[in-house]
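Numbers restart at 1 for each chain; the letters A, B, ... are given by sequence-line order, proteins then strands.
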Amino acid sequence: MPELPEVEVVRRTLAPGLVGERVAAVEVRAPALREPLDAGALRRDLEGRLVEGLRRRGKYLLVDLEGGRTLALHLGMTGQLTLTAAGPERPPEPHEHVVFRLASGRSLRFRDPRRFGLAFTAATAALEADPHFAHLGVEPLGSGFRGRHLAAAASRRRGPVKPFLMDATVVVGVGNIYASEALFAAAIHPRRSVARISAARWERLAGAVRDTLRRAIEEGGTSLSDFVDGEGRAGAYQVSLAVYDREGRPCPRCGAPIRRFVQAGRSTYHCPRCQR
DNA sequence: CGTAGACCCTGCGCGC
DNA sequence: TGCGCGCAGGGTCTAC
């Protein structure tokens, strides 16, 4: 579910209610997500501390805390981060694995049924060296992301362009939905070899990735089944999807039926007429 | 070295 | 209605 746009939407909707707040208590209710939760470290690094800022790196949400530590959260496939409303606290729902109680009386809830998510802390100043981040590639919405960057990364690689685009060591944040969507926008076939893409097409693809992600953020993200923002609201970009989850439906550009096939174990959607 | 496949986990929709 | 199967937006590890 959560690719870069969804994580960015969560960041933007959480920031007003979270930044400047103080963490009163941390309750760990499930022992393990993708990695075991270190309840002691979470309490030590968060309790009594002010939240100084909210950032994003790829699909990670970064909560900077007073005292030089940062809480890193990853939503995996089904993760949700929501702030409870002011007033009496509701009891935790199923799959709410971590509850961050705030001094205001509200709380930040981390819910993740499939438990592919992550929650851990690290020194703010040394985040880039953390094994979770050290290998990550460029931010697609940053100034360093151009066709040139993709072409350079591709020169050391083989194989089809769609899994390449989803490789976080190349560029971060592009998951299964937006890889299909960006390739459609750039009119590039997902099976095309990275060795057979011209400089002009790499430039077009980089632009398509940027535009697709930006538009999805503006629309509040894609809610196919369970994505919600920091206030519990669904996104709207699912109605703007051109190809993803639209097998058999007409291509919005030419009307040909959208096709689905499996690539590196994931569903890929494309228009066989528009994408070459 | 790079790529393909299995695997982690729960829930849902579908066909029978 | 109930059951089994396939599939799902993430990433990592192993085997080639």
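The phosphate of B:dG11 has OP1 or OP2 within less than 4.0 Å of a side-chain N or O from A:His95. Side-chain N/O atoms of A:Thr78 include none lying less than 4.0 angstrom from OP1 or OP2 on C:dG10.
Comparing the same atom, P, in B:dA6 and in C:dG6 gives a spacing of 13 Å after rounding to whole Å. With both ends at atom P, the span from B:dC7 to C:dC5 equals 16 Å, rounded to whole Å.
What separates NE2 of A:His97 from P of B:dC9 is a distance of 12 Å, to the nearest Å. In this structure, A:His132 atom NE2 and C:dG10 atom P are separated by 17 Å, rounded to whole Å. Look at CE on A:Met77: it is 13 Å from P on C:dC7, rounded to the nearest Å. The CD-C1' distance, from A:Glu35 to C:dG11, rounds to 10 Å in whole Å. Per the geometry, CG belonging to A:Leu33 stands 15 Å off P belonging to C:dT12, to the nearest Å. Between A:Tyr244 atom OH and C:dG10 atom C1' there is a gap of 12 Å when expressed in whole angstrom units. Atom CG of A:Leu136 and atom C1' of C:dT12 are 13 Å apart (whole Å). In this entry the distance linking CZ of A:Arg266 with C1' of B:dC8 reads 13 Å, nearest Å.
Applying the Watson-Crick and G-U wobble criteria (two distances, each under 3.5 Å), C:dT14 pairs with B:dA4. Both distances falling under 3.5 Å, in either a Watson-Crick or a G-U wobble arrangement, place B:dG13 opposite C:dC5.
Comparing C:dG10, C:dA8, B:dC9 by their closest approach to the side chain of A:Arg115 singles out B:dC9. In this structure, of C:dG10, B:dA4, C:dA8, it is B:dA4 that holds the atom nearest to the side chain of A:Pro160. Closest to the A:Arg114 side chain, of the nucleotides C:dG11, B:dC9, B:dT3, is B:dC9. Distance from the side chain of A:Arg158 is smallest to B:dT3 among C:dA8, B:dT3, B:dG11.
Side chains of A:Val172 and A:Pro140 form a contact here, defined as non-hydrogen atoms less than 4.5 Å apart.
A:His270 pairs in a ring-ring contact (aromatic ring centres under 6.0 Å, His included) with only one of the listed residues (A:Tyr244, A:Phe184, A:Phe261), which is A:Phe261. For the pairing with A:Glu96, the salt bridge (charged side-chain N to carboxylate O under 4.0 Å, His left out) check across A:Arg111, A:Arg115, A:Arg109 returns one residue only, A:Arg109.
The aromatic rings of A:Phe120 and A:His132 sit parallel, their planes meeting at an angle under 30°, below the 60° perpendicular limit.
No engagement by A:Gly265 is indicated, since no non-hydrogen atom pair under 4.0 Å with the nucleic acid exists.
Between the side-chain ring of A:Phe116 and the base of B:dC9, no stacking contact exists by the 5.5 Å and 30° definition.
Looking only at distances, no side-chain donor or acceptor of A:Glu247 sits under 3.5 Å from a matching main-chain atom of A:Tyr269.
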